[in-house]
> 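Following this message is one structure expressed as structure tokens.
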Amino acid sequence: MALLKSSKDSWEAQVDFDHLPRHVAIIMDGNGRWAKRRGLPRTAGHAAGAENFRTIATYCQKIGLEYLTVYAFSTENWKRPLEEVSAIMGLLKKYLLESIEKMERDKVKMHFFGDLTPLPQELREMCERTEEISKRYDGIQLNVCLNYGGRDEIVRAARAFAADCAAGTRKPEALTEADFSAYLYSAGVPDPDLVIRPSGEIRISNFLLWQSAYAELYYTDVLWPDFSKEELHKALVAYQGRSRRYGGV
Ligand code: FPP
């Protein structure tokens, strides 16, 4: 038992909490497999995943992370059975309601990346309300990607920029990378330093394509509902062991 405890603590002890990444992004993958292994419906996996989101987000706030971005629902996830889509929407509603109640105490800011228009009206209004309340706070910023796709985000930004050019307020030849970033859902948010994907899949799946240009990627076989604080510590230790050169030497 003592050995177990000390080996568990050893990851935490190796994290340099004074030099954390500013922005961590997570693809919350593996909920379905987690449920299947327990003989439970996939929706039970999403419920466990949502609960884990709360645990990890609370911990990220505690250690002083500035931004946490999670992939909750992609533009492609509508292809899933209606029952599963409804369950995910229901979970989002439940967690948003609870977050709104606690925001004042926690000073958490919430922001949504994605096109919210096709979402159920009640959920959309809740997202808008949450963003509005968030303007008062200055704690960790939680960005929830909802009906989000990286390519879709870039196409929308390109359209908005083209519309500004057509209106005469922008000039195509003057566009810089920083200007273009301001047309993305993530406008004003620094790029992620670390992107974590649990569940053994080693791909980016249309997540933060523009923003992840120089992110450090971390993959683990652990399924998202089992991705504990200890797993986060491991990811942070791996990140802190990397040498970030941004294309230089
Ligand atoms: C991927 O696992 C997970 C999703 C598509 C949904 C994630 C949604 C939540 C965790 C619930 C709500 C979120 C918040 C922020 C409260 P998968 O279903 O693809 O798993 P699999 O690959 O094992 O099938």
Side-chain angles (χ1 to χ4, degrees), residues 23-61 65 67-103 106 108-116 118-120 122-124 126-131 134 140-150 152 185 192 195-208 219-228 231-232:
H23 184 175
V24 173
I26 306 181
I27 301 177
M28 302 188 292
D29 196 13
N31 297 342
R33 277 162 287 169
W34 183 92
K36 194 171 175 203
R37 283 180 198 175
R38 285 163 179 76
L40 297 169
R42 292 178 58 81
T43 49
H46 294 312
E51 190 55 40
N52 199 41
F53 160 73
R54 180 154 59 188
T55 304
I56 293 296
T58 306
Y59 185 64
C60 287
Q61 180 193 20
L65 219 75
Y67 300 90
L68 175 68
T69 301
V70 292
Y71 210 172
F73 196 84
S74 76
T75 43
E76 290 72 37
N77 286 153
W78 297 105
K79 292 181 215 151
R80 295 186 178 213
L82 184 62
E83 187 202 343
E84 186 173 343
V85 171
S86 306
I88 295 175
M89 297 297 158
L91 283 165
L92 282 159
K93 235 179 344 188
K94 172 176 182 278
Y95 280 83
L96 271 187
L97 264 181
E98 289 173 14
S99 304
I100 291 174
E101 281 167 19
K102 287 189 283 176
M103 270 170 113
D106 296 341
V108 165
K109 286 158 73 112
M110 284 190 90
H111 194 61
F112 298 89
F113 292 177
D115 174 20
L116 304 185
L119 296 180
E122 200 190 347
L123 178 59
R124 198 179 63 233
M126 224 180 262
C127 293
E128 287 162 0
R129 207 173 119 220
T130 314
E131 284 195 330
S134 290
I140 187 172
Q141 178 166 328
L142 301 178
N143 302 307
V144 179
C145 296
L146 203 43
N147 190 28
Y148 172 88
D152 180 66
Y185 293 123
V195 174
I196 298 173
R197 181 163 196 166
S199 95
E201 311 291 353
I202 305 185
R203 55 176 171 266
I204 203 75
S205 296
N206 208 11
F207 185 49
L208 304 178
Y219 299 98
T220 170
D221 287 340
V222 171
L223 304 175
W224 170 248
D226 291 330
F227 188 91
S228 57
E231 294 299 330
L232 180 67

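One-based numbering, in listed order, for ligands and for the atoms of each.
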> Could you list each N/O atom of ligand 1 together with any protein N/O atom closer than 3.5 Å, one pair per line with the distance?
unit_1   : atom_1 : unit_2 : atom_2 : d
ligand 1 : 2 (O)  : Asp29  : OD1    : 3.4
ligand 1 : 2 (O)  : Gly30  : N      : 3.4
ligand 1 : 18 (O) : Arg42  : NH2    : 2.9
ligand 1 : 18 (O) : Arg80  : NH1    : 2.7
ligand 1 : 19 (O) : Asp29  : OD1    : 3.3
ligand 1 : 19 (O) : Arg80  : NH2    : 2.9
ligand 1 : 20 (O) : Gly30  : N      : 3.4
ligand 1 : 20 (O) : Asn31  : N      : 3.2
ligand 1 : 20 (O) : Gly32  : N      : 3.0
ligand 1 : 22 (O) : Asp29  : OD1    : 3.1
ligand 1 : 22 (O) : Arg33  : NE     : 3.4
ligand 1 : 22 (O) : Arg33  : NH2    : 2.9
ligand 1 : 23 (O) : Gly32  : N      : 3.3
ligand 1 : 23 (O) : Arg33  : N      : 2.7
ligand 1 : 23 (O) : Arg33  : NE     : 2.7
ligand 1 : 24 (O) : Arg42  : NH1    : 3.1
ligand 1 : 24 (O) : Arg42  : NH2    : 3.2

> Please indicate whether Arg38 has more than 12 foreign heavy atoms, meaning atoms of other residues, nucleotides or ligands, lying under 6.0 Å from its CZ.
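Enclosed: over 12 neighbouring heavy atoms sit under 6.0 Å from CZ of Arg38.
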> Parallel, tilted or perpendicular for Tyr71 and Tyr148, by the 30°/60° rule?
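Ring orientation, 0 to 90° scale: perpendicular.
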> If you count heavy atoms of other groups shown closer than 6.0 angstrom to NZ of Lys36, is the number above 12?
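12 or below, so no.
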> Hey, can you pull the donor-acceptor pairs under 3.5 Å for the side chains in residues 87-96, sequence neighbours left out?
unit_1 : atom_1 : unit_2 : atom_2 : d
Lys93  : NZ     : Glu122 : OE1    : 3.2
Tyr95  : OH     : Glu51  : N      : 3.4
Tyr95  : OH     : Glu51  : OE1    : 2.6

> Do Arg197 and Ser205 have side-chain N/O donor and acceptor atoms under 3.5 Å apart?
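Distance-only check passes for Arg197 and Ser205.
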> Testing the 3.5 Å rule here: is there a donor-acceptor pair between the side chains of Ser134 and His111?
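His111 and Ser134 do not have a side-chain donor-acceptor pair below 3.5 Å.
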